[in-house]
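Single-structure report; data block below.
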Amino acid sequence: MTFRPLHDRVLVRRIEAEAKTAGGIIIPDTAKEKPQEGEIVAVGTGLRAEDGAVIPLDVKAGDKILFGKWSGSEVKLDGEDLLIMKESDVLGVIG
């Protein structure tokens with residue numbers, strides 16, 4: 001993929017939730033919520049401070065993250081559904 005987000009934005013691929021519960025109940029697609037867990041595909045260069053210095057991002061490509069339910073903008077790149085969001089929308093890094 002040849003997409004690079006600008007400034008403090010990150011490109012995220014959602015990690016799909018399990019279709020079956022621990023008890024063995026299969027959840028249909030219509031009842032599933034969108035997952036709030038994802039993997040960072042690409043990151044921007046960083047936020048520019050008032051003095052012109054670039055502040056690097058705390059996350060990097062490959063990090064597994066949690067984000068808010070309504071965070072980001074959905075885009076389709078190379079036939080894949082992805083999210084573009086600001087680093088401030090990321091709630092935390094997993095592991």
Side-chain angles (χ1 to χ4, degrees):
M1 181 177 310
T2 59
F3 180 82
R4 182 179 55 88
L6 296 177
H7 308 296
D8 66 334
R9 289 182 170 69
V10 294
L11 184 65
V12 177
R13 176 183 301 120
R14 287 187 194 265
I15 296 175
E16 292 301 321
E18 291 292 322
K20 195 188 311 185
T21 65
I25 299 171
I26 297 175
I27 303 170
D29 289 337
T30 55
K32 285 184 189 175
E33 289 189 14
K34 290 185 177 181
Q36 294 175 293
E37 189 175 328
E39 179 182 358
I40 294 183
V41 178
V43 297
T45 55
L47 189 62
R48 190 165 300 276
E50 289 182 18
D51 64 355
V54 175
I55 302 168
L57 302 180
D58 290 333
V59 294
K60 61 186 180 307
D63 283 351
K64 292 192 185 324
I65 60 165
L66 291 176
F67 51 88
K69 186 175 249 179
W70 307 110
S71 298
S73 299
E74 295 183 355
V75 295
K76 189 168 215 153
L77 295 171
D78 295 337
E80 185 176 12
D81 290 327
L82 301 169
L83 289 169
I84 297 177
M85 66 181 70
K86 288 186 169 256
E87 184 190 31
S88 59
D89 291 338
V90 175
L91 301 175
V93 178
I94 300 171

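Only heavy atoms go into these numbers, but all of them, side chains included; no hydrogens, no water, no symmetry mates.
- Nearest approach of G72 to D89, heavy atoms of both residues: N-OD2, 4.1 Å.
- D81 has its side chain out of reach of E74: every pair of non-hydrogen atoms, C-beta onward, lies at least 4.5 Å apart.
- The same ILVMFWY cluster, assembled from side-chain heavy atoms under 4.5 Å apart, contains both F3 and L82.
- Summarising the geometry, atom CG belonging to L77 is positioned 10.5 Å from atom CZ belonging to R13; distances are rounded to the nearest 0.5 Å.
- Contact check on K60 versus D63 returns a salt bridge, with a Lys/Arg side-chain nitrogen under 4.0 Å from an Asp/Glu carboxylate oxygen.
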Go through the steps to decide whether F67 and V10 satisfy the test side chain to side chain contact (heavy atoms under 4.5 Å, CB included), and finish with yes or no.
CA-CA 12 Å; F67 51 88; V10 294; over 6 Å; no
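- Nearest approach of A49 to I55, heavy atoms of both residues: CB-CD1, 3.9 Å.
- The shortest heavy-atom contact between V54 and T45 is CG1-O, 3.7 Å.
- D78 places no side-chain N or O within donor-acceptor distance of the main-chain N or O of E80, the cut-off being under 3.5 Å.
- Distance check, rounded to the nearest 0.5 Å: CD of E87 to CD1 of I65 gives 9.5 Å.
- Between L57 atom CG and S88 atom OG the span is 10.5 Å, to the nearest 0.5 Å.
- Taking both residues in full, the closest heavy atoms of V43 and A61 are given as CG1-N, 4.1 Å, listed atom of the first, atom of the second, then distance.
- Clustering ILVMFWY residues whenever any of their side-chain heavy atoms sit less than 4.5 angstrom apart, transitively, puts L66 in a cluster other than the one holding V90.
- The structure places CD of E39 at 14.5 Å from CZ of R14, a figure rounded to the nearest 0.5 Å.
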